[in-house]
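First the proteins, then the strands, lettered A, B, ... as listed; each starts at 1.
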Number of protein chains: 2
Amino acid sequence: MPPRNHGPYTTESVDDYLKAILELGGLAEERVTSNALAQHLGVRAASVTGMLQKLAAQKPPFVKYEKHHGVRLTAAGKMRALEVLRHHRLLERFLHDFLDYSWDEVHDEAERLEHFISEQLEDRIAAKLGDPETDPHGHLIPERSGALPAREEVLLSKWACGVAAVISSVSDRDPAALREMTRLGLKPGVAITVETGTRNASLRVRIGERSDSVRLSQMLASGISVIAGPNGRARNLLADSHEANQAESRLP
Amino acid sequence: MPPRNHGPYTTESVDDYLKAILELGGLAEERVTSNALAQHLGVRAASVTGMLQKLAAQKPPFVKYEKHHGVRLTAAGKMRALEVLRHHRLLERFLHDFLDYSWDEVHDEAERLEHFISEQLEDRIAAKLGDPETDPHGHLIPERSGALPAREEVLLSKWACGVAAVISSVSDRDPAALREMTRLGLKPGVAITVETGTRNASLRVRIGERSDSVRLSQMLASGISVIAGPNGRARNLLADSHEANQAESRLP
DNA sequence: TTTAAGATTTAGTCATGCCTAAACTTATAG
DNA sequence: CTATAAGTTTAGGCATGACTAAATCTTAAA
């Protein structure tokens, strides 16, 4: 009987690294540093270096790695990362729509399962859901081909005062924040306008049909991404294109 | 940041070992030898010994282990094994009923996922299914409490000729065999009578409403468990209670 | 331009879970 | 009641993926 652990890397670790590189580097495939990855993954920088070298040594390589200058996903690596991201978001939508999970509960379960569902199960889930475009937090689900449309999202905390906006997605990382958003009626599709706000304190915003306005902590506002509002082609004034890219890059 | 791999055993390996011990030792908790486990798990006997020692050293221990005399599950080990078995069978039923998996496809997917679903997901799936009692192959699903009713199953290959029987469950291990059974109309709940048969060759059986009889290979017959038929309290003549226990023990 | 701070990589260690080979039990046949 | 076969355990390795500590490279400030 041959050894089992001489094969290629098949662990969830690889998935986690690729996903992290995608999340930090964005679709633009910017270079990502070891330190950033270490922080994101909750691992020491030395561990990251080791793994990056292994990922670069794969055939085909998953990343292009230059010492001291970070990594960038190769086509293969990007494809794999997008597959895992598709799994994650499909699972979130499935857990939410079919198994009565609330949107603050789906992330952890999906995070675990995303590594282990087969392509067949992925397809069946997608079919059952009618090939959904977004997860419950509003994030776009990559297609099977790996296609993932770009969207000019901007963090609410960087959106100009007085300009109509619509919530496009919210971060799925903080369950307590998600519950708070539920309480306030903040979810993808809801119109929102910032009335006053500073970068360091809280914002005063008008939500949906509401006639009164509400205080929103900076933290909560940083978990909300918006796009130009329903009243025509309003353009965001504060965010330059770099910031917009940053926001788009912050994949959940 | 503390090391992550100094904690208790949390791998799927442990689950696999416990499940294997339950499957081989049956509910009666007979002792299981290292060799049997090695064969069942597809690993070397030496590897089994190592793991058994670790399982016995856990606190609380999952197994009671005496060298050269095999292992037996402790209460804790049995509970854990039944949990995993519940996951497996619930997942099979779920994949089959909700995601259009055929009964020959469910095993592999469930085998992988059973280790990673949370208690919450287990509960939601069970609720969605209406707390089913069996998986698609007819095997009983343990309750959350760990309760698993005993059932006096006998392999069809050991059932007496001429005595009416009903298929109670079929092995889920061989997809090709399952497809063949589908073709023949063999599934849990179907009445079946052995007309002639030897232990080494094929059986001739009458299936359900059918007026003609069908040849059944010994291999196929060994994957089918039956209980006393619908026409009253027929008692199996060939199988002694030991063999009956063996059949019951052969958990999938 | 030099240098110190910060980021990054190397080197060496550890736990897990598998392997092979060899030693050692237990059981069964002569 | 041995002796040999079968089953089991020990001993020594290896791959993976984490860790720490120390060395090295980059960058930005003096």
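Surrounding CD of A:Q39 are at most 12 heavy atoms belonging to other residues, nucleotides or ligands under 6.0 Å away.
A close approach under 4.0 Å does occur between a side-chain nitrogen or oxygen of A:S34 and OP1 or OP2 of C:dT9. For A:S13 and D:dT16, the shortest distance from a side-chain N or O to OP1 or OP2 is not below 4.0 Å. A:Y17 has a side-chain polar atom (N or O) that falls below the 4.0 Å cut-off from OP1 or OP2 of D:dA18. Checking the phosphate oxygens (OP1, OP2) of D:dT8, no side-chain nitrogen or oxygen of B:Y65 falls inside 4.0 Å. Considering only side-chain N and O atoms, B:T33 lies nowhere under 4.0 angstrom from the phosphate OP1 or OP2 of D:dG7. Note on B:K67: a side-chain N or O is less than 4.0 Å away from OP1 or OP2 of D:dT10. Proximity of B:R44 to the phosphate of C:dT20: a side-chain N or O atom is located under 4.0 Å from OP1 or OP2. In this model, the phosphate group of C:dC19 is approached by a side-chain N or O of B:S47 to a distance below 4.0 Å at OP1 or OP2.
With contacts defined as side-chain heavy-atom distances shorter than 4.5 Å, the pair B:H115/B:D16 qualifies.
For A:V43, counting side-chain heavy atoms from C-beta on, the closest listed nucleotide (C:dT16, D:dC19, C:dT8) is D:dC19. Closest contact between the side chain of B:H68 and the listed nucleotides D:dA18, D:dT8, C:dT9 involves D:dT8. Distances were taken from every side-chain heavy atom of B:A46 (C-beta onward) to each of D:dT27, C:dT9, D:dA11; the shortest belongs to D:dA11. Taking only side-chain atoms of A:M51, from C-beta outward, the nucleotide of D:dT9, D:dG7, D:dA18 with the closest atom is D:dA18. The side chain of A:Q53 sits closest to C:dT10 out of C:dA21, C:dT10, D:dT26.
The aromatic rings of A:H139 and A:H137 sit tilted, their planes meeting at an angle between 30° and 60°.
In this structure a side-chain-to-backbone donor-acceptor pair under 3.5 Å is present from B:E109 to A:S118.
Atom CZ in A:R31 sits roughly 17 Å away from atom P in C:dA7 (whole-Å rounding). Look at NE2 on B:H69: it is 9 Å from C1' on C:dT25, rounded to the nearest Å. Distance B:L52 CG to C:dG17 C1': 13 Å, rounded to the nearest Å. Across the protein-nucleic acid pair, A:Q58 atom CD and D:dT16 atom P stand 9 Å apart, rounded to whole Å. If you take CG of A:L55 and P of D:dA15, they are 18 Å apart, rounded to a whole angstrom. If you measure from atom NZ of B:K54 to atom P of D:dT10, you get 13 Å, rounded to the nearest angstrom. If you take CD of B:Q39 and C1' of D:dA6, they are 14 Å apart, rounded to a whole angstrom.
Expressed to the nearest 0.5 Å, how far CZ of A:R124 lies from CG of A:L121 amounts to 9.0 Å.
Nearest-nucleotide positions on DNA chain D place B:N35 closer to the 5' end than the other of A:A45 and B:N35.
A salt bridge does not link B:E83 with B:R86: none of the charged nitrogens is closer than 4.0 Å to a carboxylate oxygen.
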